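Here is the structure we will look at, set down as structure tokens.
In what follows, every heavy atom counts, from backbone to side chain, and hydrogens, waters and symmetry copies are set aside. Since we're looking at a predicted model, the values are computed, not measured.
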Amino acid sequence: MTLRSSRIPLVLGNWKMHTALEDACTLADATASIAAAHPEIEVGILPPALWLVSIHKRLGGASAVMLGAQDVAPQPSGAFTGDLSAEMLAPYTRFMLAGHSERRHLHGERDELVRDKLDAAWRVDRVPVLAVGETGEQRASGRATEVVARQLEVALSGRSAAEVETLVIAYEPVWAIGTGIAATPQDAAEMAAVIRAWLRALGPVAPERVRILYGGSVTAANAADIFASPEIDGALVGGASLKAEEFAGIVAAAGGRAT
Ligand code: 13P
């Protein structure tokens, strides 16, 4: 099996704190149609948590689009005002995102907390999506790979192969998020290769089995170039996932990648 064919491309739309309920339902319907037209890949959306129950009910169990949570608390329950546990999210979701740079930078979330969030997702048998990435300043000073390696090390060292192989890693350089300046396909592919080399050094894990997505200003126009590398297995899309036509273009590009 080649590196390329052993992993099904995955496109996730992170809606962040956007949409009113009515818009969310309309967008979910449109995304479900897009996903149904591309059974060769996997498509998911991460709506605001408040809309998950409604969207889950609306789409039904047979929908081609999977749902995910933008964040998850480490603890199963307790006095954690404003948080949602993996147990609460599990009935409605397949994916749980941990370590998004907006959580790291706006909420001061540290690598150790991100590690605990991965545990929470595994505890309820859901797929954690680990987001990693360097700031512009860190890249400019030549420390991009060191920063990403540190994020991986704290989150993943000591994990079993079974755990790591059920993980999705999203490489999202902070400077590319919401800026309209995506990483070059070469930079994205190079970092994905660095991540796989790091995973290989972890021991029993087969890095060929771990999906690595790119995120940061992905659009319908640049998706095909980004997906051209066999190292990149799809995208974690922000702004463009809120526009059905744009998202359809990205999904179609990933579909091209699957064949
Ligand atoms: P943009 O696609 O809007 O740059 O956001 C990327 C992102 O943060 C996805 O999680």
Side-chain angles (χ1 to χ4, degrees), residues 7-52 54-70 92-95 97 100-102 129 131 133 168 170-173 175-185 187-189 211-229 232-259:
R7 303 184 302 269
I8 299 170
L10 171 66
V11 177
L12 294 176
N14 176 9
W15 293 3
K16 307 190 180 183
M17 199 172 72
H18 293 289
T19 67
L21 179 56
E22 205 179 315
D23 312 325
C25 290
T26 307
L27 188 56
D29 289 349
T31 310
S33 303
I34 293 164
H38 289 279
E40 71 280 14
I41 70 162
E42 292 184 348
V43 179
I45 51 174
L46 284 58
L50 190 59
W51 308 151
L52 277 172
S54 303
I55 292 176
H56 184 265
K57 197 169 162 191
R58 184 180 179 93
L59 295 180
S63 172
V65 68
M66 294 177 285
L67 299 183
Q70 297 177 15
Y92 313 105
T93 56
R94 170 144 182 78
F95 298 98
L97 180 58
H100 192 281
S101 74
E102 286 148 18
V129 180
V168 172
Y171 169 54
E172 295 208 314
W175 48 271
I177 295 176
T179 59
I181 304 167
T184 65
D187 282 347
R211 286 188 287 189
I212 300 180
L213 313 182
Y214 167 77
S217 297
V218 176
T219 64
N222 64 18
D225 285 347
I226 291 167
F227 298 153
S229 164
I232 301 289
D233 301 303
L236 179 56
V237 183
S241 69
L242 297 167
K243 298 175 208 140
E245 240 175 72
E246 274 290 309
F247 196 63
I250 296 167
V251 168
R257 155 81 166 68
T259 53

Checklist outcome for this item: Rounding to 0.5 Å, atoms NE2 (H18) and CG (L242) come to a distance of 5.5 Å

Checklist entry - Which distance, rounded to the nearest 0.5 Å, do you find between the CD of E245 and the CD1 of I34? => result 9.0 Å

Checklist entry - Which pair of heavy atoms, one from Y171 and one from G133, lies closest together, and at what distance? => result CE1-CA, 4.0 Å

Checklist outcome for this item: Here the pair of heavy atoms bringing G44 nearest to V65 is CA-CG2, 4.0 Å

Next on the checklist: Checking the side chain of W51 only, and the main-chain atoms of T19 only, is there a donor and an acceptor separated by less than 3.5 Å?
Outcome noted: yes

Next on the checklist: The test is salt bridge (Lys or Arg N to Asp or Glu O under 4.0 Å); show your working for E42 and R211 and say whether it passes.
Outcome noted: CA-CA 12 Å; E42 292 184 348; R211 286 188 287 189; 3.1 Å; yes

Checklist entry - With a 4.5 Å limit on heavy-atom distance, are the side chains of L21 and S54 in contact? => result yes

Checklist outcome for this item: Here the pair of heavy atoms bringing E40 nearest to P9 is O-CD, 4.4 Å

Next on the checklist: Can you tell me how far apart CD (E172) and CG (L97) are? Round to the nearest 0.5 Å.
Outcome noted: 7.5 Å

Side-chain donor-acceptor distances from residues 177-184 under 3.5 Å, at least two apart:
{"from": "T179", "atom 1": "OG1", "to": "W175", "atom 2": "O", "distance (Å)": "3.0"}
{"from": "T179", "atom 1": "OG1", "to": "A176", "atom 2": "O", "distance (Å)": "3.3"}
{"from": "T179", "atom 1": "OG1", "to": "I181", "atom 2": "N", "distance (Å)": "3.1"}
{"from": "T184", "atom 1": "OG1", "to": "D187", "atom 2": "N", "distance (Å)": "2.9"}
{"from": "T184", "atom 1": "OG1", "to": "D187", "atom 2": "OD2", "distance (Å)": "3.4"}

Next on the checklist: Between L236 and V11, does the side-chain contact (heavy atoms from CB on, under 4.5 Å) criterion hold? Intermediate values first, please.
Outcome noted: CA-CA 6 Å; L236 179 56; V11 177; over 6 Å; no

Next on the checklist: Is there a side-chain contact between F227 and P185 in this structure, where contact means two heavy atoms from C-beta onward sitting under 4.5 Å apart?
Outcome noted: no

Next on the checklist: So V218 and I226, do their side chains get closer than 4.5 Å, heavy atoms only?
Outcome noted: yes

Item to check | Sub-4.5 Å side-chain heavy-atom contact between F95 and L10 | outcome: yes

Checklist entry - Would a 4.5 Å heavy-atom cut-off, applied to side chains only, mark I45 and L67 as touching? => result yes

Checklist entry - Checking D23 side chain against A20 main chain: does a donor-acceptor pair fall under 3.5 Å? => result yes

Checklist outcome for this item: Output for pair (Q70 CD, N14 CG), nearest 0.5 Å, gives 5.0 Å

Checklist entry - What closest approach, in Å, do I41 and G255 show between heavy atoms, and which atom pair accounts for it? => result CG2-CA, 3.7 Å

Item to check | Donor-acceptor contact present, side-chain N222 to main-chain S217, <3.5 Å | outcome: yes

Checklist outcome for this item: So CE of M66 and CG of L59: to nearest 0.5 Å the spacing works out to 12.5 Å

Checklist entry - What is the distance from atom CG of L27 to atom OG of S241, rounded to the nearest 0.5 Å? => result 7.0 Å

Checklist entry - Is P48 close to M17 at the side-chain level, that is, under 4.5 Å between some pair of heavy atoms? => result no

Item to check | Shortest non-hydrogen contact from A64 toward A32 | outcome: CB-O, 4.2 Å

Item to check | A170 versus V129, closest heavy-atom pair with distance | outcome: CB-CG1, 4.2 Å

